[in-house]
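Down below is the structure, laid out as structure tokens.
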Amino acid sequence: MTTTAKILVTGGTGKTGRRVAQRLREVGVPVRVASRSAAVPFDWADRSTWTSALRGVEAAYLAYAPDLAAPGAPETIDAFTRQAARAGVRRLVLLSGRGEEEARACERIVQDAGPAWTVLRASWFCQNFSEDYLLDPVRGGVVVLPTGDVPEPFVDADDIADVAVAALTGDGHHGRVYELTGPRALTFGQAIGEIAAATGREIRFMQVPLQAYTGELARQGVPSEVVELLGYLFGTVLDGRNAVPADGVRQALGRDPRDFAAYARATAATGAWTATEAS
Ligand SMILES: NC(=O)c1ccc[n+]([C@@H]2O[C@H](COP(=O)([O-])OP(=O)(O)OC[C@H]3O[C@@H](n4cnc5c(N)ncnc54)[C@H](OP(=O)(O)O)[C@@H]3O)[C@@H](O)[C@H]2O)c1
């Protein structure tokens with residue numbers, strides 16, 4: 001692939017897409033960021049936005065929202081990848097969820113779509129603690145979740161972005177399914193302990209039953225599809241099936257993934273976890 005080929009980055013304002021776009025720009029690859037808030041708005045739910053997003057694109061990073069396991073995702077991914085192939089896209093890199101059986105239908109659609117493909121099956125992102133729904137609880141000093149002793153090998157979004165860029169621009173990644181995890185599995189309580197150590201703050205972790213958790217989210221006005229998704233992730237996927245780390249980062253990049261402790265130290269140094277006043 002030449003460096004003048006344009007690459008479409010869906011979810012390009014999100015945790016992985018933003019990093020993918022930044023890395024591509026740094027090596028001089030033209031990028032089109034696609035999301036509802038992008039300069040040219042792109043919406044998975046509005047097919048009229050797809051044509052302009054795909055114009056002149058040679059490769060695409062697919063970070064579907066809200067989740068490949070959500071109802072309707074296979075139909076949307078099918079229509080989008082068909083349109084992408086017709087528009088001349090020659091390479092697709094799909095971000096998928098490790099252990100999400102429901103996401104496999106979307107993976108197969110991408111694998112059968114025609115363009116060269118790579119699937120990135122990622123475990124839970126470290127950045128959920130610093131750039132998503134766990135940020136406010138960490139800053140507030142109390143994290144309440146419906147999970148206890150099940151360990152998860154949290155993966156750093158920087159590692160996912162490095163693999164995505166390699167697959168979008170380099171050779172040798174076509175037809176590969178990479179299981180992307182960190183090097184070490186931690187329970188959520190242990191992860192909070194690492195963050196507390198890195199920040200020098202006291203941060204408490206509390207386990208609650210799943211129904212109490214989803215009920216509280218609904219009471220706070222969290223959209224029902226987000227509540228359902230979190231219920232699925234904590235109630236179904238986080239059952240230990242993903243506890244053993246995988247070597248997808250090493251397979252793709254020839255190096256080890258970043259450890260959670262290194263992520264925690266680097267993030268603490270940015271001030272992202274500075275305590276907020278208790279309400
Ligand atoms: N978070 C994890 O731990 C994890 C683990 C494994 C796999 N994944 C997968 O990663 C993908 C991204 O999830 P995430 O939670 O990490 O979110 P994210 O990428 O941090 O944020 C979502 C991105 O998608 C965009 N977006 C949201 N709704 C959209 C829509 N209807 N049409 C177009 N773009 C839309 C958002 O921008 P706008 O708001 O501007 O549209 C944003 O750029 C999902 O497929 C998820 O299954 C996540």
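Side chains are part of it too, since the values below use all heavy atoms of this structure and drop only hydrogens, waters and symmetry mates. Both ligands and their constituent atoms are indexed starting at 1 by order of listing. All values derive from a computational prediction rather than experimental measurement.
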So, do [X] and [Y] sit near enough that their side-chain heavy atoms are less than 4.5 Å apart?
X: I192; Y: V138; answer: yes
X: Y64; Y: F80; answer: no
X: R19; Y: D158; answer: yes

How does [X] reach ligand 1, if at all, at less than 4.0 Å between non-hydrogen atoms: by side chain, backbone, both, or neither?
X: N128; result: side chain
X: S123; result: backbone
X: P66; result: backbone
X: L95; result: side chain

Do me a favour and list the nearest non-hydrogen protein atom to [atom] with residue, atom name and distance?
atom: atom 43 (O) of ligand 1; value: T13 OG1, 2.7 Å
atom: atom 31 (N) of ligand 1; value: D43 OD1, 3.0 Å
atom: atom 7 (C) of ligand 1; value: S96 O, 3.6 Å
atom: atom 8 (N) of ligand 1; value: F125 CZ, 3.6 Å
atom: atom 40 (O) of ligand 1; value: S37 OG, 2.5 Å
atom: atom 32 (N) of ligand 1; value: W44 N, 2.9 Å

Original post:
Would you call D159-R250 a salt bridge at under 4.0 Å N-O?
Top reply: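 Answer for the salt bridge query: no.
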**OP:** In plain terms, say whether D112 and R108 are close enough for a salt bridge, that is, a side-chain N and a carboxylate O under 4.0 Å apart.
**Re:**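 Here D112 does not pair with R108 in a salt bridge, since their nearest N and O are not under 4.0 Å apart.
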Pull out every atom of ligand 1 sitting under 4.0 Å from any heavy atom of [X], numbered as shown with elements.
X: A65; result: 24 (O), 26 (N), 27 (C), 28 (N), 29 (C), 35 (C)
X: G11; result: 23 (C), 24 (O), 43 (O)
X: Y64; result: 11 (C), 12 (C), 44 (C), 45 (O)
X: F42; result: 32 (N), 33 (C)
X: W124; result: 3 (O)

Please state which option from [options] has its nearest heavy atom closest to [atom].
atom: atom 29 (C) of ligand 1; options: E152, R36, E131; result: R36
atom: atom 46 (C) of ligand 1; options: L134, D46, D67; result: D67
atom: atom 18 (P) of ligand 1; options: R18, R121, K15; result: K15

**OP:** Could you tell me whether F129 and F154 have their ring centroids closer than 6.0 angstrom?
**Re:** yes
**OP:** Report yes if the distance between the aromatic ring centroids of Y263 and F125 is under 6.0 Å, otherwise no.
**Re:**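 Not under 6.0 Å, so no.
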Original post:
Among the heavy atoms of A103, does any lie under 4.0 Å from an atom of ligand 1?
Top reply: no
**OP:** Compute the minimum heavy-atom distance from A122 to ligand 1 and say whether it is under 4.0 Å.
**Re:** yes
Run the side-chain donor-acceptor check on residues 66-77: report pairs under 3.5 Å with partners two or more places apart or on a different chain.
residue	atom	partner	partner atom	Å
D67	OD1	A69	N	2.9
T76	OG1	G72	O	3.1

**OP:** Could you check E194 against Q190 for side chain to side chain donor-acceptor pair (under 3.5 Å), going step by step and ending with a plain yes or no?
**Re:** CA-CA 6 Å; E194 300 264 1; Q190 289 168 333; over 6 Å; no
**OP:** Take Q83 and R47, measure what side chain to side chain donor-acceptor pair (under 3.5 Å) needs, and give me the verdict at the end.
**Re:** CA-CA 10 Å; Q83 188 170 331; R47 296 183 187 192; over 6 Å; no
**OP:** Please check if a non-hydrogen protein atom sits closer than 4.0 Å to atom 22 (C) of ligand 1.
**Re:**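 False for atom 22 (C) of ligand 1.
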Original post:
Are the side chain of E152 and the backbone N or O of W124 linked by a donor-acceptor pair below 3.5 Å?
Top reply: yes
Original post:
Between G14 and ligand 1, is there a nitrogen or oxygen pair with a distance under 3.5 Å?
Top reply: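 There is such a contact, yes.
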Original post:
Quick one: does T16 get an N or O within less than 3.5 Å of an N or O on ligand 1?
Top reply: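 No, no N or O pair falls under 3.5 Å.
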**OP:** Show the numbers, then the answer: is there a side chain to side chain donor-acceptor pair (under 3.5 Å) between D156 and Q127?
**Re:** CA-CA 7 Å; D156 195 305; Q127 279 75 8; 3.0 Å; yes
Original post:
If you count the non-hydrogen atoms of other residues, nucleotides and ligands that lie under 6.0 Å from CD in E26, is the total more than 12?
Top reply: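 It does: E26 CD has more than 12 such atoms within range.
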Original post:
Is the number of heavy atoms from other residues, nucleotides or ligands within 6.0 Å of CZ (R241) greater than 12?
Top reply: yes
